[in-house]
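Worksheet: the structure to be examined is printed underneath.
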Amino acid sequence: MPIDERFPRPTVMGVVNVTPDSFSDGGELVRPADAIAWARQLVEKGAGLVDIGGESTRPGADAVSVEEELRRIEPVLAGLEGVAVSIDTSKAAVAERALELGAELVNDVTALRGDASMAALVAEHGAYVCLMHMQGEPRTMQESPRYDDVVSEVAAFLEERLAFAVSEGIREELVCLDPGIGFGKTPDQNLELVRRLDRLVAIGRPIVVGFSRKSTLARVLGDSGSSRGTVAASVGVAVAAYERGASILRAHDVRETIEAIAVAAAVERGTVTA
Ligand code: HH2
């Protein structure tokens with residue numbers, strides 16, 4: 001089934017970081033039972049799928065071995081039978097195990113550049129895939145992001161990665177694209193990507209936006225000391241992204257995001273019920 005039928009606009013993707021060091025919720029869900037319970041709560045709150053991550057990609061984060069990433073995510077996925085799961089990884093071995101355990105979508109922040117085996121694996125499993133833009137690599141990406149025009153460059157990158165995915169045998173209807181908010185971008189560049197999201201929507205694939213709790217939101221509110229945006233600011237930017245055509249909103253605060261998007265969608269329709 002095409003991804004926009006399986007996860008129609010708007011879908012909220014709930015974030016479950018099974019890591020000790022994620023920027024917004026690191027360390028909260030290191031016990032598998034806690035991560036499983038939290039993921040199930042996010043689904044009850046209305047998440048269309050949950051994004052399970054065993055490696056932090058925050059600026060400056062250290063890389064994690066395959067063994068350690070598997071140790072973190074395997075018991076969680078094993079406990080999530082019946083839940084729509086996305087696996088946030090750039091390692092093919094981790095994605096493969098996750099797909100065996102029922103994950104449907106591979107959320108690869110390197111857009112199939114991080115592991116030479118990833119594209120073939122996704123193609124072979126007929127899995128959904130999210131291709132995300134990133135300039136540089138997590139350890140150093142915020143040091144000096146440079147673009148002539150961030151929107152055209154991100155669009156050109158996503159078009160190129162989509163063509164690559166298709167050339168590797170991944171069906172286009174299974175692919176969604178993501179501008180990679182905070183991945184090698186200044187706060188102004190992050191805002192510009194949402195402001196001109198129509199350029200990315202025009203590529204013709206569903207767009208994922210993950211702005212939840214990111215530090216640009218704290219900067220907008222004048223809190224330059226904080227690396228974490230507030231819930232209200234996260235919800236506000238999710239609505240702005242939705243209104244500009246985003247299909248999947250990646251969010252930590254699922255209920256609040258869903259309520260806000262439901263109202264924005266009702267305004268877009270002009271009717272209470274769909
Ligand atoms: N952002 C993060 C991680 N994965 N995947 C997609 N597709 N888009 C995003 O914007 C995105 C992502 C970073 O946020 P978080 O998971 O909260 O933190 P960390 O990477 O530190 O675990």
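The two residues Pro145 and Gly184 have their closest heavy-atom pair at CB-O, 3.2 Å. Between Ala93 and Val66, the closest heavy-atom pair is CB-CG1, 3.9 Å. The shortest non-hydrogen separation linking Ala218 to Ser226 is CB-O, 3.7 Å. For the residue pair Gly53 and Ile73, the shortest heavy atom distance occurs at C-CG2, 4.2 Å. Taking all atoms of both residues into account, the shortest heavy-atom contact from Thr216 to Pro187 is OG1-CA, 3.4 Å. Between Trp38 and His252, the shortest heavy-atom contact is CZ2-O, 4.5 Å.
Using a 4.5 Å heavy-atom threshold, the side chains of Glu153 and Val150 count as separate. Using a 4.5 Å cut-off on side-chain heavy atoms (C-beta onward), Leu42 and Val16 make contact. Contact of the Thr257 side chain with the Ile261 side chain is registered, since non-hydrogen atoms from C-beta on lie closer than 4.5 Å. No side-chain heavy atom of Val129 sits less than 4.5 Å from a side-chain heavy atom of Leu105. Side-chain contact between Val194 and Ile181 is present, with at least one heavy-atom pair separated by less than 4.5 Å. Looking only at side-chain heavy atoms (C-beta outward), Ile207 and Pro179 come within less than 4.5 Å of each other. You'll find the side chain of Leu80 reaches within 4.5 Å of the side chain of Ile52, heavy atoms only.
A single hydrophobic cluster is seen to contain both Leu158 and Val201, as judged by linkage of ILVMFWY side chains at heavy-atom distances under 4.5 Å, directly or through other members. The cluster map of Ile, Leu, Val, Met, Phe, Trp and Tyr, joined by side-chain heavy atoms under 4.5 Å apart, puts Val166 and Leu174 in different clusters. Tyr242 and Val235 fall into different hydrophobic clusters, where Ile, Leu, Val, Met, Phe, Trp and Tyr side chains are chained together by heavy-atom contacts under 4.5 Å. Val83 is connected to Leu101 through a chain of hydrophobic side-chain contacts under 4.5 Å among Ile, Leu, Val, Met, Phe, Trp and Tyr, so both are in one cluster. Under a hydrophobic clustering in which Ile, Leu, Val, Met, Phe, Trp and Tyr are joined whenever their side-chain heavy atoms come within less than 4.5 Å, directly or via other members, Leu177 and Ile3 fall into different clusters.
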| message | Before you tell me yes or no, could you show the steps for Glu259 and Val263 under side-chain contact (heavy atoms from CB on, under 4.5 Å), namely the whole-Å CA-CA distance, both residues' side-chain angles and the distance that decides it to 0.1 Å? | response | CA-CA 7 Å; Glu259 288 180 3; Val263 173; over 6 Å; no

| request: Show the numbers, then the answer: is there a side-chain contact (heavy atoms from CB on, under 4.5 Å) between Ser234 and Leu217? | output: CA-CA 7 Å; Ser234 302; Leu217 301 171; 3.6 Å; yes

| message | Working note: Leu49 + Glu104, criterion side-chain contact (heavy atoms from CB on, under 4.5 Å); need CA distance, chi angles, decisive distance, verdict. | response | CA-CA 9 Å; Leu49 74 167; Glu104 293 181 53; over 6 Å; no

| query | Do Phe183 and Gln135 pass the side-chain contact (heavy atoms from CB on, under 4.5 Å) test, and can you show the C-alpha distance, the side-chain angles, and the key distance before you say yes or no? | reply | CA-CA 6 Å; Phe183 287 84; Gln135 186 179 87; over 6 Å; no

| query | Can you check salt bridge (Lys or Arg N to Asp or Glu O under 4.0 Å) on Arg205 and Glu173, steps first, answer last? | reply | CA-CA 8 Å; Arg205 300 306 314 146; Glu173 63 178 28; over 6 Å; no

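Residues Ser86 and Asn107 have side chains that never bring a donor and an acceptor to within less than 3.5 angstrom of each other. Thr19 and Asn17 share no side-chain donor-acceptor pair at under 3.5 Å.
Distance check, rounded to the nearest 0.5 Å: CD1 of Ile248 to CZ of Phe7 gives 7.0 Å. Residue Met118 holds its CE atom at 12.5 Å from CD of Glu168, rounded to the nearest 0.5 Å. Of the inter-residue distances, the one linking Leu112 atom CG with Thr110 atom OG1 reads 6.5 Å to the nearest 0.5 angstrom. To the nearest 0.5 Å, atoms CG (Asn190) and NZ (Lys185) are separated by 7.0 Å. To the nearest 0.5 Å, the span separating SG on Cys130 from CE on Met13 amounts to 6.0 Å. Within the model, atoms CZ of Phe164 and CD1 of Ile170 stand 7.5 Å from one another, a figure rounded to the nearest 0.5 Å.
Look at Asp88 and Arg250 and you find a salt bridge, because one of the NZ, NE, NH1 or NH2 atoms lies within 4.0 Å of a carboxylate O, short of that distance. The pair Glu159-Arg199 meets the salt-bridge criterion, with a side-chain N (NZ, NE, NH1 or NH2) lying under 4.0 Å from an Asp/Glu carboxylate O. One finds a salt bridge joining Arg196 and Glu192 here, because a Lys/Arg side-chain nitrogen approaches an Asp/Glu carboxylate oxygen to under 4.0 Å. The existence of a salt bridge linking Arg113 and Asp108 is excluded, since no basic side-chain nitrogen approaches an acidic carboxylate oxygen closer than 4.0 Å.
Between the side chain of Gln189 and the main chain of Thr186, a donor-acceptor pair closer than 3.5 Å is present. Side-chain atoms of Arg213 never come within 3.5 Å of backbone atoms of Gly229 as a donor-acceptor pair (strictly under, hydrogens ignored). The backbone N or O of Pro8 sits less than 3.5 Å from a side-chain atom of Thr11, completing a donor-acceptor pair. No donor-acceptor distance shorter than 3.5 angstrom exists from the side chain of Arg6 to the backbone of Met1, with no hydrogens or angles considered. The backbone N or O of Leu131 lies less than 3.5 Å from no partner atom in the side chain of Asp178, so there is not a single donor-acceptor pair. Distance alone, capped at 3.5 Å, is enough to place a donor-acceptor pair between the Thr230 side chain and the Ala233 backbone. At distances below 3.5 Å, at least one donor-acceptor pair connects side-chain atoms of Lys91 with backbone N or O atoms of Val64.
Remark: Glu5 CD is packed, more than 12 non-hydrogen atoms of other residues, nucleotides or ligands lying under 6.0 Å away. For Arg219, the CZ atom sits in a loose shell: 12 or fewer heavy atoms of surrounding residues, nucleotides or ligands are nearer than 6.0 Å.
Relative to the six-membered ring of Tyr128, Arg171 misses at least one condition, a distance below 6.0 Å or an angle of at most 45° to the axis.
Among Glu74, Glu69, Glu68, the one residue that satisfies the side chain to side chain donor-acceptor pair (under 3.5 Å) test with Arg72 is Glu68. The side chain to side chain contact (heavy atoms under 4.5 Å, CB included) test with Leu77 is passed by exactly one of Leu99, Leu70, Val85, Ile36: Val85.
Residues forming a side-chain contact (heavy atoms from CB on, under 4.5 Å) with Glu124 (at least two apart in sequence, or on another chain): none.
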